[in-house]
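The structure appears right after this line, and notes come after that.
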Amino acid sequence: MKKKFFINGEWIEGNHYQPLKSPYSEEVIAEIPQASEKEVDQAIEAADKAREVMAKMPAHKRAAILENLVRLTEERAAEAAEIIAKEAAKPITTAKAEVERTIATYKFAAEEAKRIYGETLPLDAAQGGEGRVAYTVREPLGIVAAITPFNFPMNLVAHKVGPALAAGNTIVLKPASQTPLSSLFLGELLEAAGLPKGAINIVTGSGRVVGEKITTDDRVSVVTFTGSPAVGIGIRNKAGLKRVILELGSNSAVIVDKNVEIDKIISRCVTGAFSFQGQVCISLQRIYVHEEVYESFVERFVEQTSQLKIGDPLHPTTDVSALITRNDVERSLAWIEEAKEGGAKVALGGKAEGNVLYPTVILEADSSLKVSCQEVFAPIVLINKIQSMEEAYQFVNDSRYGLQAGIYTNDVFTALEASEKLHVGGVMINDIPTFRVDHMPYGGVKESGLGREGIKYTIEEMTELKLIVWNKN
Ligand code: NAP
């Protein structure tokens with residue numbers, strides 16, 4: 001029950017502890033050590049000492065450690081899913097899917113560890129470059145500080161730990177305060193996988209204390225952060241010349257054209273809107289439907305949403321469970337109230353029981369309302385009528401965010417036009433914006449962040465390009 005930090009290959013007790021409660025049952029599930037600056041300093045020191053070992057480790061060995069991690073995670077997959085379900089209130093079927101994806105992410109990392117290539121350059125393309133041979137290599141940057149959110153406590157950690165180790169870096173990991181157990185579990189697995197001591201250090205505690213120290217410490221070379229824009233922007237402002245990767249929020253949208261067969265896309269849209277209670281960075285928050293099919297879309301969407309099962313995250317049939325905190329329930333209810341006062345219609349939901357907010361469908365919400373222009377991060381979706389695709393692109397782009405967007409259309413020219421006009425990191429043709437597999441480049445524009453995840457792309461961000469020139473003259 002009483003957990004420990006993982007520093008320099010050792011499990012270390014903290015001086016201060018805080019109870020960790022399940023968001024659904026509100027029972028205490030563990031006691032979590034709260035790091036002070038001193039423990040964070042020890043973790044950075046351990047990561048600093050391990051740098052040379054990791055940088056010198058051959059690629060096949062880094063890959064082998066990651067392959068061991070894959071095997072160990074597979075062996076303990078059921079336990080892993082239960083940890084996620086308990087600490088995050090993630091419905092168990094969704095938690096199992098996260099564990100499957102985590103395994104895939106580490107597999108990609110093991111593979112990518114073996115193909116970190118450079119290139120040769122024809123220097124004689126420039127006058128004065130004759131008689132020279134040039135090539136590039138990619139070198140590890142050193143210490144990667146990883147700060148992670150609560151919503152995918154295993155797979156989003158994997159998106160930082162996997163590429164950092166694949167590239168030969170060392171890590172100080174600070175998981176979200178609500179979901180530290182998944183990261184501590186990873187520490188156990190990496191210890192058993194044969195990772196040298198100090199190559200990963202896991203410090204739990206408040207974002208302000210731990211996050212502040214690892215963001216500002218000179219020994220750290222990269223800060224990779226996934227979380228809310230406000231915290232991400234603060235990190236970027238404090239990080240100085242460190243490399244910073246930011247995966248931030250969004251209010252993702254999908255467009256539905258008039259020629260689309262509505263029945264075929266409803267269940268996918270419902271899943272995109274309500275999976276893990278809408279607490280997914282690419283959750284479907286805004287749906288813009290052509291007026292010719294609007295009524296039938298709304299009718300079928302509301303009908304399917306009303307069938308979602310609400311309850312205990314550990315129950316195998318549960319679709320929707322508790323929000324991460326009581327505050328989020330209250331915030332969501334206030335935003336729904338604002339939408340009603342602003343003339344929008346609540347077609348379904350709009351109420352809460354305990355920490356569970358019922359799946360909520362809002363129609364014809366003005367784009368200035370919080371449920372539209374801010375990230376709701378709750379089981380709330382808007383469905384608005386549009387008259388033309390041009391109007392839809394404007395609505396989608398009228399956002400501080402730009403992570404991913406989707407469009408359903410049978411017209412290839414409209415699809416091409418949308419792929420050009422939507423200002424986001426990824427456009428999904430004939431799919432919801434919520435689509436993600438773990439090797440694709442993933443990240444946003446505007447307040448959705450900086451840099452890309454997806455193992456190969458993260459490795460580029462976590463390595464330094466070095467040029468070597470041989471003079472044969
Ligand atoms: P959050 O509140 O921003 O927290 C994220 C992490 O930052 C936590 O570990 C948190 O620690 C830490 N933190 C808090 N204050 C800090 C500070 N001053 N300095 C450094 N670190 C600090 O986000 P969240 O509520 O966990 O996650 C939800 C957000 O993440 C949403 O906006 C969502 O869209 C975004 N997200 C984005 C992606 C993506 O790939 N683009 C994926 C998933 C989630 P504590 O927990 O101790 O406060």
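Start at 1 and go down the list; that is how both ligands and their atoms are numbered.
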Completion exercise
One finds that the ligand 1 atoms under 4.0 Å from a non-hydrogen atom of Ala176 are 8 (C), 9 (O), 46 (O)
Practice task
Flag Lys174 as yes when one of its N or O atoms lies below 3.5 Å from any N or O atom of ligand 1, and as no otherwise.
Solution key: yes
Problem - Ion pair check, Arg219 and Asp41, cut-off under 4.0 Å - result: yes
Exercise for the section: May I ask you to identify the nearest protein heavy atom to atom 12 (C) of ligand 1, giving residue, atom name and distance to one decimal place in Å? Expected result: Ile147 CG2, 3.6 Å
Exercise for the section: Taking the side chain as every heavy atom from C-beta outward, state whether Val427 and Ile429 have any pair of such atoms under 4.5 Å apart. Expected result: yes
Handout entry: Cationic tip of Lys90 above Phe152 ring, under 6.0 Å, 45° of axis
Key = yes
Problem - Geometric cation-pi criterion, Arg286 with Phe395: 6.0 Å, 45° - result: no
Practice task
Please check if the side chain of Asn384 supplies one atom and the backbone of Ala365 the other of a donor-acceptor pair under 3.5 Å.
Solution key: yes
Problem - More than 12 heavy atoms from other groups under 6.0 Å of NZ on Lys242 - result: yes
Practice task
Would you check the N or O atoms of Thr148, main chain and side chain alike, for any that come under 3.5 Å of an N or O of ligand 1?
Solution key: yes
Exercise for the section: Please could you name the atoms of ligand 1 that Pro175 approaches to less than 4.0 Å, counting only its heavy atoms? Expected result: 9 (O)
Problem - Distance-only donor-acceptor check, side chains Thr224 and Lys160, under 3.5 Å - result: yes
Handout entry: Identity and distance of the protein heavy atom lying nearest atom 35 (C) of ligand 1
Key = Gly227 O, 3.2 Å
Handout entry: Polar proximity ligand 1 side, Leu248 side, N/O cut 3.5 Å exclusive
Key = yes
Exercise for the section: Check whether any heavy atom of Gly205 sits under 4.0 Å from an atom of ligand 1. Expected result: yes
Fill in the blank from the handout: Ranked by distance from atom 28 (C) of ligand 1, the top protein heavy atom is Phe377 CE2, 3.5 Å
Practice task
Please determine if Glu337 and Lys340 form a salt bridge, counting it only when a charged side-chain N lies under 4.0 Å from a carboxylate O.
Solution key: yes
Exercise for the section: Starting from atom 46 (O) of ligand 1, locate the nearest protein heavy atom and write down its residue, its atom name and how far away it is, to 0.1 Å. Expected result: Ser177 N, 2.8 Å
Problem - For Gly249, atoms of ligand 1 separated by under 4.0 Å from a heavy atom - result: 32 (O), 34 (O)
Handout entry: Which segment of Leu156 sits under 4.0 Å of ligand 1 when only heavy atoms are counted
Key = side chain
Handout entry: Side chains of Gln404 and Ser250, donor plus acceptor under 3.5 Å
Key = no
Problem - atom 4 (O) of ligand 1 within contact range, any protein heavy atom under 4.0 Å - result: no
Fill in the blank from the handout: For Asn151, the atoms of ligand 1 under 4.0 Å from one of its heavy atoms are 43 (C), 44 (C)
Exercise for the section: Classify the contact between Ala230 and ligand 1 as side chain, backbone, both or neither, using a heavy-atom distance cut-off of under 4.0 Å. Expected result: neither
Exercise for the section: Inspect the contact between Glu188 and Lys3 and indicate whether a charged nitrogen and a carboxylate oxygen are less than 4.0 angstrom apart. Expected result: no
Exercise for the section: State if Gly444 counts as touching ligand 1 under the rule of any non-hydrogen atom under 4.0 Å. Expected result: no
Practice task
Could you tell me whether Lys107 and Glu111 make a salt bridge, using a distance below 4.0 angstrom between a side-chain N and a carboxylate O?
Solution key: no
Exercise for the section: Would you check the N or O atoms of Ser228, main chain and side chain alike, for any that come under 3.5 Å of an N or O of ligand 1? Expected result: yes
Practice task
Please report which non-hydrogen protein atom sits nearest to atom 34 (O) of ligand 1, along with the residue it belongs to and the distance in Å to one decimal place.
Solution key: Glu375 OE2, 2.5 Å
Exercise for the section: Considering only NZ, NE, NH1 and NH2 on the basic side and carboxylate oxygens on the acidic side, decide whether Glu460 and Lys456 come within less than 4.0 Å. Expected result: no
Problem - Parallel, tilted or perpendicular: ring planes of His439 versus Phe108, cut at 30 and 60 degrees - result: parallel
Practice task
Report yes or no: does Leu403 have a heavy atom closer than 4.0 Å to ligand 1?
Solution key: yes
Practice task
Do me a favour and list the nearest non-hydrogen protein atom to atom 42 (C) of ligand 1 with residue, atom name and distance?
Solution key: Cys281 SG, 2.8 Å
Exercise for the section: Could you say whether the N/O atoms of Lys238 and ligand 1 ever approach to under 3.5 Å? Expected result: no
Handout entry: Phe150 N/O under 3.5 Å from ligand 1 N/O
Key = yes
Problem - Carboxylate-amine/guanidinium proximity below 4.0 Å for Arg326 and Glu26 - result: no
Handout entry: Location of contacts on Phe152 toward ligand 1, heavy atoms closer than 4.0 Å
Key = neither
Practice task
Report yes if the side chains of Ser321 and Asp312 come closer than 4.5 Å at any heavy-atom pair, otherwise no.
Solution key: no
Exercise for the section: Determine whether any heavy atom of Ser206 lies closer than 4.0 Å to an atom of ligand 1. Expected result: yes
Problem - Side chains of Glu191 and Trp11, donor plus acceptor under 3.5 Å - result: yes
Exercise for the section: Out of Ser183, Gly207, Ser283, indicate the one that has the non-hydrogen atom closest to atom 13 (N) of ligand 1. Expected result: Gly207
Problem - Taking atom 7 (O) of ligand 1 as the reference point, the nearest protein heavy atom with its distance - result: Phe225 CE1, 3.2 Å
Handout entry: Region of Thr226 that comes within reach of ligand 1 [heavy atoms, distance under 4.0 Å]
Key = both
Practice task
Quick one: look up the protein heavy atom nearest atom 27 (O) of ligand 1 and list residue, atom name and how far away it is.
Solution key: Pro149 CB, 3.3 Å
